[in-house]
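Report on the following structure.
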Amino acid sequence: QLQFVESGGGSVQPGGSLRLSCSASGFTLDDYVIGWFRLAPGKEREAVSCINPSNGRTHYVDSVKGRFTVSRDNAKNTVYLQMNGLKPEDTAIYYCQADPFLTIHHMCTMTPSYDYWGQGTQVTVSS
């Protein structure tokens with residue numbers, strides 16, 4: 001059974017940085033596309049970045065391009081999200097998700113629904 005443990009969130013000032021981790025269990029990263037999503041108060045969950053761990057290809061939504069970097073460590077079955085230049089509008093709970101069928105483009109643009117989500121990690125950006 002797929003399980004995720006997200007960590008690394010916190011409170012930072014605008015312009016600050018955080019590195020989120022998604023530790024996966026119950027499956028092998030190579031067999032899935034991994035996506036980072038976020039849920040802000042009063043908004044719907046949205047995709048942030050997606051990665052294909054088998055080839056390293058990535059996709060970013062426009063609002064985070066140039067600021068966020070997604071990477072993976074297949075040996076640790078972990079995916080990371082390095083977030084630099086954080087803005088107040090990045091404040092949200094961040095989740096990771098895995099999909100065995102979608103491409104990185106589709107996972108990050110189609111807003112697919114899933115039955116299971118991890119507990120997420122809170123990111124708060126304020127001065």
Side-chain angles (χ1 to χ4, degrees):
Q1 181 178 355
L2 276 66
Q3 287 191 329
F4 316 104
V5 177
E6 300 94 343
S7 62
S11 295
V12 297
Q13 294 185 341
S17 298
L18 287 171
R19 188 193 193 205
L20 307 184
S21 298
C22 169
S23 179
S25 61
F27 67 100
T28 302
L29 284 185
D30 278 356
D31 297 332
Y32 291 75
V33 166
I34 307 298
W36 280 100
F37 294 78
R38 64 187 180 188
L39 181 61
K43 296 185 177 181
E44 294 187 352
R45 199 188 314 259
E46 63 173 354
V48 174
S49 178
C50 298
I51 184 170
N52 185 330
S54 66
N55 58 27
R57 291 181 178 174
T58 59
H59 179 96
Y60 300 93
V61 297
D62 288 344
S63 60
V64 306
K65 280 182 181 177
R67 301 189 297 123
F68 290 11
T69 303
V70 63
S71 62
R72 89 291 193 196
D73 185 333
N74 289 20
K76 295 182 178 180
N77 229 39
T78 300
V79 174
Y80 304 97
L81 185 68
Q82 178 67 44
M83 305 187 298
N84 299 327
L86 283 162
K87 304 176 180 180
E89 50 264 42
D90 295 319
T91 295
I93 302 174
Y94 285 71
Y95 302 87
C96 57
Q97 187 56 264
D99 197 301
F101 304 115
L102 297 180
T103 66
I104 54 173
H105 175 76
H106 287 141
M107 191 178 192
C108 264
T109 60
M110 289 173 56
T111 319
S113 63
Y114 299 95
D115 293 332
Y116 166 76
W117 293 89
Q119 84 288 348
T121 185
Q122 176 71 49
V123 172
T124 303
V125 185
S126 69
S127 54

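Along the sequence shown, residues carry numbers from 1.
Note on residues 40-64: pairs passing ring-ring contact (aromatic ring centres under 6.0 Å, His included), not counting sequence neighbours, are H59-H105. Pairs engaging residues 71-82 under the salt bridge (Lys or Arg N to Asp or Glu O under 4.0 Å) rule: none recorded [sequence neighbours left out].
In this structure, K43 has no side chain to side chain donor-acceptor pair (under 3.5 Å) partners at least two apart in sequence or on a different chain. Remark: E46 engages R38 in a salt bridge (Lys or Arg N to Asp or Glu O under 4.0 Å) (not counting sequence neighbours). Not counting sequence neighbours, the partners of Y95 by the ring pair (Phe, Tyr, Trp, His ring centres under 6.0 Å) test are W117. For D31, there are no salt bridge (Lys or Arg N to Asp or Glu O under 4.0 Å) partners two or more places apart in sequence or in a different chain. With sequence neighbours excluded, the residues forming a ring pair (Phe, Tyr, Trp, His ring centres under 6.0 Å) with F27 are F4, Y32, listed by chain and number. Checked against side chain to side chain donor-acceptor pair (under 3.5 Å), T103 has the following partners two or more places apart in sequence or in another chain: H106. For R19, there are no side chain to side chain donor-acceptor pair (under 3.5 Å) partners two or more places apart in sequence or in a different chain. Residues forming a side chain to side chain donor-acceptor pair (under 3.5 Å) with Q82 (at least two apart in sequence, or on another chain): N84. Remark: F101 pairs with no residue by the ring pair (Phe, Tyr, Trp, His ring centres under 6.0 Å) rule, at least two apart or across chains. Annotation: side-chain contact (heavy atoms from CB on, under 4.5 Å) contacts of N55 (sequence neighbours excluded): N52, R57.
Summarising the geometry of L29 relative to A24, their closest heavy-atom pair is CD2-CB, 4.2 Å, with the distance given to 0.1 Å. Across every non-hydrogen atom of P112 and L102, the tightest pair is CG-CD1, 3.9 Å. The shortest heavy-atom contact between G35 and C50 is CA-SG, 3.8 Å. Smallest separation of non-hydrogen atoms from V70 and S49: CG1-OG, 3.1 Å. Here the closest heavy-atom approach between residue P53 and residue I34 is recorded as CG-CG1, 3.8 Å.
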(Q) If you apply the rule side chain to side chain contact (heavy atoms under 4.5 Å, CB included), what do you find for V61 with F68, and how did you get there? (A) CA-CA 10 Å; V61 297; F68 290 11; over 6 Å; no

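Residues E6 and L20 form no side-chain contact, since every pair of their non-hydrogen atoms from C-beta on lies 4.5 Å or further apart.
One hydrophobic cluster holds both V79 and Y116 under the rule that ILVMFWY side chains link at heavy-atom gaps under 4.5 Å.
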